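Read the structure below first, then the notes.
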Amino acid sequence: MPRANEEVEALLNEYADLLSITGGDGFKVRAYEKAARAVAGHQEDVSTLSAKQLRAISGVGSSIADKIAEYFAHGQVAVIEEARTRIPAGVRELTEIPTLGPKKAMLLYEQLGIASIDQLVDAIQHERLHGLKGFGPKTAENILHGVDLLRSSGGRVLIDVAMELAEDIVAQLSTVDGVERCAYAGSLRRFRETIGDVDILAAAEDSGPVMAAFRALDLVAEVIASGEKKTSIRTAKGLQVDLRVVPLESWGAALQYFTGSQAHNIRTREMAVHAKLKLSEYGLFEVDSGELIVSRTEEEVYQRLGLPWIPPPLREDRGEVEAALRGELPDLVEVTDLRGDLHTHTDLTDGIASLEEMLEAAATRGYRYYAITDHAPNLVMQRMTDEKMLAQRERVRELDRAYRGMRLLHGTELNIDPDGEVDWPPEFLAGFDLCVASVHSAFTQSRADTTRRLVRACENPHVNILGHLTGRQIGHRAPIDADFDEVFRACARTGTALEVNSFPDRLDVRDEHILHAKRYGVKFSIDSDAHSIRDLAQIRYGVGTAQRGWLTADDVINTWPLTRLRKFLRKPSARGA
DNA sequence: GCCGTTTTCGGCCCGACTGTTTTCAGTCG
């Protein structure tokens, strides 16, 4: 997303928070939140748009358009500055505490002058909340607990952690008597890169036994809430898991509802309202008669709203409803479309499995081709040499004759140095079937230098794929700063594919970059970057990320037949050389 | 504050659970 759009998104969300804290009209609050989402999802840089062009964005009217224009003209917005002076930043911070929302935060500030989490904790410990309306002993306890959670975890976990937990829970609950269906939903089903809590849905006539089984799971550290229809628990690692139980007749509507996103659900429910229907997790109902229309499958629910079934990774209110109405939903790439993996390692460098072991595991996955791409010598710690690389190539050629049905490609993962140069001279690079090139150091260069560095790598006639473009490690290392539009244009111009790296702490490039790059005509390679046999299976997270970026099989070079792939790997700039 | 094959005014998605309540507000998703 353009940086300006990100700034405006944050500004509008902040103002929405400030309005809700001051008790402003809830619909007005939602209008600002909706506008924030609309700006974030808008492809053009909003700082370059006139007020009239801004108003053309759905959800942005004249008032918000004027505020955005004011922001870019003066660096601030008067009414937002004014709201900031009335509500200290610490009061907004209070609403980050679970169970403490805008109303309670404002009451604490008005009655007791509390304007930070520290002050709130201090007030509770000194029993200064006594007699404050709505703050009984249980509320105080919940707030302290919420502060602990906030300080310890920050909340979200990587997708593989959540996925393994969810699959374990679904497997266990599926065996409970009376459970007719069980599945995970929520952001996990949409393949978001990090997960705040896990949503599990079960279908059963009597919810009692499955709720009891859920509370009794070994992984439960704390039961947060438990009722007839919904139970929430927290695991020892601090991850919240919600279980909802519905009758089987409601399965489709419930799955649609609990998959979200919230913004997508608002869109679908609005469509229902316009059709004189009411959509809830229990089904699609006729408003006048209250009669149930459909709810058994998601397909039925969407169909009755006049839509085709929308794949979960698209359900972010990023234009999927409009595309569905036009009949232009993309036919998303699937794991089964992949014919091979183009970025993998062995124990010749930092992998932990041998070449033979990795190939055996790859063949089991049914791949038609497979590339070995160990590190090149400039990552000195990997101790690569020309001789070792050539010996590996010879071994790969031998094994290639032995494997029926899976062709082996010999490649390497080059290191893009701060100037955009890579490890070997052109003559040596020409001997590889393909080259991935990635940034492994100097992550804090200036934006201009980084951009030049990446464009230069694209222009190298032997570089076929840019590996983990931004270098980010979720929760640990920030992405490099570059003019990515410039890089995407260079990728498209030079025939360099952009990697979707499937490692759960990378997922690099991410969904928003994919959406942008695709518009420039960039092609992608979904790779495992496997360093072990187990890592090969992580490719499903890369595929999920690619789906969130609206990619079809045709956008992804490792779904192509080998002949088409080989043609792509011979870059225009290398032909005839 | 936004928006319009019902509308330029009057709507705006819907339900579960908790805590502090004598019937419901606040929070969450």
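Letters A, B, ... are given to chains in the order of the sequence lines, protein chains preceding strands, and every chain is numbered from 1. If you're wondering where the values come from, they're calculated on a predicted model, not measured in any experiment. Just so it is clear, the values below take in all heavy atoms, side chains as well, and ignore hydrogens, waters and symmetry mates.
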Quick tally for nucleotides 9-15 of chain B: nucleotides whose base has a protein heavy atom under 4.0 Å get B, sugar-phosphate-only ones S, the rest -, giving ---BBBS
In whole angstrom, give the distance that lies between atom CD1 of A:Ile200 and atom C1' of B:dG29. 15 Å
Integer-rounded Å distance: B:dG1 P and A:Arg37 CZ: 18 Å
List for me each residue that meets ring-ring contact (aromatic ring centres under 6.0 Å, His included) alongside A:His516, sequence neighbours excluded, and say none if there are none. none
Let me know the distance between NZ of A:Lys28 and C1' of B:dC2, rounded to the nearest Å. 12 Å
Taking only the P atom of each, what is the distance from B:dC17 to B:dC13 in whole angstrom? 23 Å
Taking side-chain hydrogen bond (donor to acceptor under 3.5 Å, both in side chains) as the definition, give me every residue that meets it alongside A:Asp485, ordered by chain and number, with sequence neighbours left out. A:Tyr520
Among residues 94-121 of chain A, which contact DNA chain B at a heavy-atom distance under 4.0 Å? A:Ile97, A:Pro98, A:Thr99, A:Leu100, A:Gly101, A:Pro102, A:Lys103, A:Lys104
If you look only at pairs with a residue in residues 288-299 of chain A, which of them pass as a salt bridge (Lys or Arg N to Asp or Glu O under 4.0 Å), with sequence neighbours excluded? A:Arg189-A:Glu298, A:Glu298-A:Arg315
Expressed as a whole number of angstroms, how long is the span from A:Leu54:CG to B:dC2:C1'? 15 Å
side-chain contact (heavy atoms from CB on, under 4.5 Å) against A:Gln76, all qualifying residues, sequence neighbours excluded: A:Glu81
Contact list for residues 246-271 of chain A, test salt bridge (Lys or Arg N to Asp or Glu O under 4.0 Å), sequence neighbours left out: A:Arg267-A:Asp317, A:Arg267-A:Glu322, A:Arg269-A:Glu281
Who pairs with A:Val273 by side-chain contact (heavy atoms from CB on, under 4.5 Å), at least two apart in sequence or on another chain? none
Partners passing salt bridge (charged side-chain N to carboxylate O under 4.0 Å, His left out) against A:Glu96 (at least two apart in sequence or in another chain): none
With P as the reference atom in both, quote the distance from B:dG10 to B:dG15 in angstrom, rounded to an integer. 25 Å
With rounding to the closest Å, how many angstrom separate the C1' atoms on B:dT5 and B:dG1? 24 Å
Determine which nucleotide pairs with B:dA25, using a 3.5 Å limit on both distances of a Watson-Crick or G-U wobble pair. B:dT18
What's the NZ-C1' distance between A:Lys67 and B:dG1, to the nearest Å? 8 Å
Using whole Å, what does the distance between atom C1' of nucleotide B:dG29 and atom CG of A:Leu201 come to? 14 Å
Does A:Ser232 reach a base, just sugar-phosphate, or nothing at all? Heavy atoms under 4.0 Å. nothing
Regarding A:Ser58, tell me which of base, sugar-phosphate or nothing describes its non-hydrogen contacts under 4.0 Å with the strands shown. sugar-phosphate
Roughly how many Å apart are B:dT20 and B:dC24, using the C1' atom of each and rounding to a whole number? 9 Å
On DNA chain B, compare the nucleotides closest to A:Asp242 and A:Met211; which residue's is nearer the 5' end? A:Met211
Taking side-chain hydrogen bond (donor to acceptor under 3.5 Å, both in side chains) as the test, write out the residues that go with A:Glu300, two or more places apart. none
Any donor-acceptor N/O pair, A:Asn5 side chain to A:His42 backbone, under 3.5 Å: yes
Distance check, C1' atoms only: B:dC12 and B:dT7, in whole angstrom units. 13 Å
Once base and sugar-phosphate atoms are separated, protein heavy atoms under 4.0 Å mark nucleotides 18-24 of chain B, 5' to 3', with B, S and - as SSS----
For A:Ala204, check side-chain contact (heavy atoms from CB on, under 4.5 Å) against everything at least two apart and list the hits. A:Val245
Atom CD1 of A:Ile195 and atom C1' of B:dG29: how far apart are they, to the nearest Å? 14 Å
Measuring only the P atom in each nucleotide, how far is B:dT8 from B:dC14? A whole number of Å is fine. 22 Å
Do the rings of A:Tyr32 and A:Tyr15 sit parallel, tilted or perpendicular, given the 30° and 60° boundaries? perpendicular
Determine, for A:Asp199 against A:Arg244, whether the closest basic-nitrogen to carboxylate-oxygen distance falls under 4.0 angstrom. no
Whole Å only: how far is the CZ atom of A:Arg234 from the P atom of B:dC17? 17 Å
Salt bridge (charged side-chain N to carboxylate O under 4.0 Å, His left out) partner of A:Glu193, the single match among A:Arg548, A:Arg156, A:Arg506, A:Arg472: A:Arg472
Say we look at B:dT6 and B:dG11: how far apart would their C1' atoms be, to the nearest angstrom? 12 Å
